[in-house]
Amino acid sequence: MCAVLLARRVCQAWKRVLSTNEQPALALIIFPPGLKAYRTRTIDNMATNRPIVIGLTGGIAMGKSAVSSQFRRLGFPVHDSDAAVHELYAPGGAAVDVVSGSFGEEVRDSDGGISRPALAEILRAAPDRINELNGLVHPLVAQHRNAFMKAHANAFACVLDVPLLFESPGAADLCDVIVVASTQDPALQRQRALARVGMTAGKLDMILSKQLADAEKCRRADYIINTSDACLTPMCFQVAGVVDSLRERFPNEFCTRVWGVPSAVAPKSSSGGPKDCHVAPPVCVALDLDGTIWDTPKWFADLSSEMESIIATHLPRSYAAGIRYSDPTFQRASAHVRSTTPAISHDYGEVRKRAYTRLAEEHGDDVTAVDVIVGNYSRRRSDCAFRHLFDDTMSFLKLLKDKGILIASITDGNADISRSPELDKLFDFHIHSIHAGRPKPHCAPFLELLHQTRLRSQNPSISAADILVIGDVMDKDVVGAVNARMRAAWICRTGDVSDADRAYCAAHGVTCITSLGPDALATPLSSL
């Protein structure tokens with residue numbers, strides 16, 4: 001018993017250290033079996049034939065909805081308890097007759113559903129009736145949740161978004177893992193809450209009085225998602241970290257239930273590549289951008305020239321001090337941002353913004369001008385790239401379009417293809433590592449790619465092997481695709497392929513190509 005208490009205190013101490021770190025940190029604390037005394041079910045005793053149940057909770061204005069949306073973005077089914085109640089209260093909902101039968105017909109609105117304002121008035125006058133209402137509605141929410149779980153019985157993990165997870169008796173016991181969204185700052189929570197339409201200090205105090213203290217929620221959590229940053233990138237980064245932690249812990253289940261392949265170790269064909277990798281054309285072809293569809297050195301040279309005049313105009317003192325686009329001083333400022341806030345290191349736009357802000361403050365320039373510079377960078381970076389498309393890009397995209405294959409971009413950069421209508425109309429969707437939460441070769445962008453392919457094709461049974469990824473960076477595009485059990489083609493336009501790279505491609509069924517011509521892609525595109 002003493003050992004358990006000591007281990008609990010050690011875990012809590014580490015959580016406090018991580019949570020008070022300078023950057024929005026992810027407290028990747030997974031408690032050993034037995035430490036969660038208030039929870040009878042833990043991830044360590046989960047059966048491998050059912051989904052992992054992730055309980056997501058957080059106080060008002062703590063960013064729980066944003067975290068929930070990020071899990072959805074990566075393809076994990078989410079049951080939203082609040083949304084379930086809205087559905088139950090809607091006209092024809094299962095709770096309408098039950099609630100109106102106990103609280104009177106006056107709680108019905110003109111559409112025949114439950115009027116939440118009318119119900120709230122009754123509860124304000126008789127607050128002791130809240131338990132009566134919960135007794136009516138909670139069993140219906142449980143039925144709704146059970147139906148959801150049954151519908152997603154084959155998922156790797158399901159998320160239960162429950163605002164009062166700890167406050168509702170037995171709710172936490174449904175979960176294998178508990179994730180808490182928290183600003184780690186009560187003042188910031190209050191500021192965000194009071195900014196909501198219709199929120200007052202008195203109303204907020206009443207809501208907070210019914211919620212478990214944030215510090216206690218964090219103490220009970222397996223993972224804490226720090227949502228204090230106004231930028232969403234750190235939150236996305238942390239959610240991807242939770243997913244990665246579960247993937248590493250259950251690799252076989254992840255392969256089978258997420259990627260849709262039989263096991264963690266891809267079966268080999270007689271030729272050395274993944275078995276049955278090229279039997280049929282891919283459902284989706286996802287292309288990296290820089291070095292794959294356009295010439296990066298050429299657009300970079302154009303952009304450097306254009307950005308110099310913009311910096312001179314908007315940050316004159318910094319420019320006079322020798323600051324240029326991507327010069328050593330700017331690179332050092334960017335490196336400082338990445339080292340102090342690693343959760344945004346893959347968001348080049350945000351890194352650039354914070355680096356220029358740091359330089360503007362240092363040299364006495366107008367900090368508000370940084371937004372103008374970053375906005376110009378994003379637009380001009382895209383426009384410069386479009387001017388330097390490789391000669392085979394458009395014909396290849398049109399070939400895929402004619403064959404009815406979905407076309408996606410998957411990039412770590414921040415190019416905005418929508419600025420080129422002619423190019424944009426050939427793509428069906430875009431995957432940005434910034435939004436997915438981690439850069440390639442991490443699984444997050446490939447998870448979103450698979451999820452979007454299933455949605456766009458309206459076929460949830462599509463597996464990762466139905467997707468072909470084409471890119472020019474071996475350790476990002478190719479390795480990421482191979483790890484995600486997708487088909488991969490490595491485009492090396494110089495034709496300079498090392499023996500090590502050639503051996504890796506042969507071992508993993510990766511096609512080496514020097515262009516986007518149909519002849520070069522005959523193997524990965526199969527019958528095309």
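- Within 6.0 Å of NZ on Lys476 lie more than 12 heavy atoms contributed by other residues, nucleotides or ligands.
- Residues Ala181 and Met62 come closest through the heavy atom pair O-CB, 3.4 Å.
- In this structure, Ala240 and Leu74 approach most closely via the heavy-atom pair CA-CD1, 4.5 Å.
- Here the side chains of Ser463 and Trp259 are not in contact, with every heavy-atom distance at 4.5 Å or above.
- When all heavy atoms are compared, the tightest approach of Gly349 to Val374 is O-CG1, 4.2 Å.
- The CZ atom of Phe254 lies 4.5 Å from the CG atom of Leu447; values are rounded to the nearest 0.5 Å.
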Worksheet entry | Step-by-step salt bridge (charged side-chain N to carboxylate O under 4.0 Å, His left out) determination, Asp80 to Lys64 | CA-CA 11 Å; Asp80 186 331; Lys64 178 178 61 61; 5.5 Å; no
Could you list the donor-acceptor pairs under 3.5 angstrom formed by side chains in residues 95-106, with sequence neighbours left out?
unit_1	atom_1	unit_2	atom_2	d
Asp97	OD1	Arg108	NH2	2.6
Ser100	OG	Val96	O	2.8
Ser100	OG	Asp97	O	3.3
Ser100	OG	Arg108	NH2	3.4
Glu105	OE1	Arg108	NE	2.8

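- For the pair Thr57 (side chain) and Val162 (backbone), a donor-acceptor distance under 3.5 Å is present.
- The line from CG of Leu56 to OH of Tyr223 is 13.5 Å long, rounded to the nearest 0.5 Å.
- Asp477 places a side-chain N or O within donor-acceptor distance of the main-chain N or O of Val473, the cut-off being under 3.5 Å.
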Show me, pair by pair, the donor-acceptor contacts under 3.5 angstrom made by side chains of residues 115-126, not counting sequence neighbours?
unit_1	atom_1	unit_2	atom_2	d
Ser115	OG	Ala118	N	3.3
Glu121	OE2	Arg124	NH2	2.6

Worksheet item: Under the salt bridge (charged side-chain N to carboxylate O under 4.0 Å, His left out) criterion, do Arg358 and Glu362 qualify, and how do the steps go?
Response: CA-CA 6 Å; Arg358 179 181 174 87; Glu362 181 180 329; 5.2 Å; no
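- For Ser68 (side chain) and Asp161 (main-chain N/O), no donor-acceptor pair under 3.5 Å exists by modelled atom type.
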Item to complete: Given side chain to side chain contact (heavy atoms under 4.5 Å, CB included), test Val372 with Tyr377 step by step and report yes or no.
Response: CA-CA 9 Å; Val372 178; Tyr377 168 81; over 6 Å; no
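- Checked by atom type, the side-chain pair Ser69/Arg72 shows no donor-acceptor distance below 3.5 Å.
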Worksheet entry | side-chain hydrogen bond (donor to acceptor under 3.5 Å, both in side chains) between Thr183 and Asp185, intermediate numbers included | CA-CA 5 Å; Thr183 62; Asp185 182 352; 5.7 Å; no
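- For Phe76, there are no ring-ring contact (aromatic ring centres under 6.0 Å, His included) partners at least two apart in sequence or on another chain.
- Using cut-offs of 30° and 60° for the angle between ring planes, the His432 and His430 rings count as tilted.
- At least one side-chain heavy atom of Leu212 sits under 4.5 Å from a side-chain heavy atom of Arg220.
- When atom types are taken as modelled, the side chain of Asp111 and the backbone of Gly113 share no donor-acceptor pair closer than 3.5 angstrom.
- With contacts defined as side-chain heavy-atom distances shorter than 4.5 Å, the pair Lys440/Ile410 qualifies.
- Scanning for side-chain hydrogen bond (donor to acceptor under 3.5 Å, both in side chains) contacts around Asp365 gives Ser318, with sequence neighbours left out.
- Considering only heavy atoms from C-beta on, Lys217 comes within 4.5 Å of Gln211 through its side chain.
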Worksheet item: Where do Thr329 and Arg332 land on the side-chain hydrogen bond (donor to acceptor under 3.5 Å, both in side chains) test, with the steps shown first?
Response: CA-CA 5 Å; Thr329 304; Arg332 285 193 294 271; 3.3 Å; yes
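- Annotation: ring-ring contact (aromatic ring centres under 6.0 Å, His included) contacts of His144 (sequence neighbours excluded): His79.
- A distance-only check finds a donor-acceptor pair linking the side chain of Thr200 to the backbone of Lys203 [under 3.5 Å].
- Summarising the geometry, atom CD1 belonging to Ile323 is positioned 5.0 Å from atom CG belonging to Leu359; distances are rounded to the nearest 0.5 Å.
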Fill in: Verdict with reasoning, Met199 to Ile60, per side chain to side chain contact (heavy atoms under 4.5 Å, CB included)
CA-CA 11 Å; Met199 183 60 69; Ile60 183 173; 3.7 Å; yes
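- With hydrogens and angles ignored, the 3.5 Å screen pairs no side-chain donor or acceptor of Thr341 with any backbone N or O of Ala343.
- Considering only heavy atoms from C-beta on, Met149 comes within 4.5 Å of Val53 through its side chain.
- In this structure, the side chains of Ser409 and Ile417 come closer than 4.5 Å at one or more pairs of heavy atoms.
- Contacts of His451 classified as ring-ring contact (aromatic ring centres under 6.0 Å, His included), with partners at least two apart in sequence or in another chain: none.
- The shortest side-chain heavy-atom distance between Arg438 and Cys236 does not fall under the 4.5 Å cut-off.
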Fill in: Derivation of the side-chain hydrogen bond (donor to acceptor under 3.5 Å, both in side chains) call for Arg257 and Asn154
CA-CA 7 Å; Arg257 291 171 174 257; Asn154 293 322; 4.9 Å; no
Practice prompt. Test side-chain hydrogen bond (donor to acceptor under 3.5 Å, both in side chains) on Arg338 and Ser334 and set out the steps.
Written response: CA-CA 6 Å; Arg338 288 191 170 94; Ser334 297; 4.7 Å; no
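- Put simply, the side chain of Ser245 never gets that close to the backbone of Gly241: no donor and acceptor are under 3.5 Å apart.
- Under the 3.5 Å distance criterion, the side-chain polar atoms of Gln70 are matched with a main-chain donor or acceptor of Ala436.
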Discussion item. Under the criterion side chain to side chain contact (heavy atoms under 4.5 Å, CB included), I'd like the reasoning laid out for Asp327 against Gln331: C-alpha separation, chi angles, the key distance, then a yes or no.
Written reply: CA-CA 6 Å; Asp327 73 300; Gln331 293 296 339; over 6 Å; no
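- Within the 3.5 Å criterion, the main-chain N or O of His336 finds a donor-acceptor partner in the side chain of Ser339.
- Nearest approach of Ile467 to Met486, heavy atoms of both residues: O-CB, 3.6 Å.
- With a 4.5 Å cut-off on side-chain heavy atoms, Gln189 and Leu194 do not count as touching.
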Worksheet entry | Steps toward salt bridge (charged side-chain N to carboxylate O under 4.0 Å, His left out) verdict (Asp366, Arg317) | CA-CA 9 Å; Asp366 179 10; Arg317 294 180 179 177; over 6 Å; no
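- In terms of modelled atom types and a separation under 3.5 Å, the side chain of Glu448 and the main chain of Gly75 share no donor-acceptor contact.
- In terms of heavy atoms, Ala464 sits closest to Leu450 at N-CD1, 3.9 Å.
- To the nearest 0.5 Å, the span separating CG on Asn134 from OG on Ser168 amounts to 7.5 Å.
- Taking all atoms of both residues into account, the shortest heavy-atom contact from Arg192 to Ser228 is NH2-O, 3.3 Å.
- Side-chain contact annotation: Ser382 with Asp416, donor-acceptor N/O pair under 3.5 Å absent.
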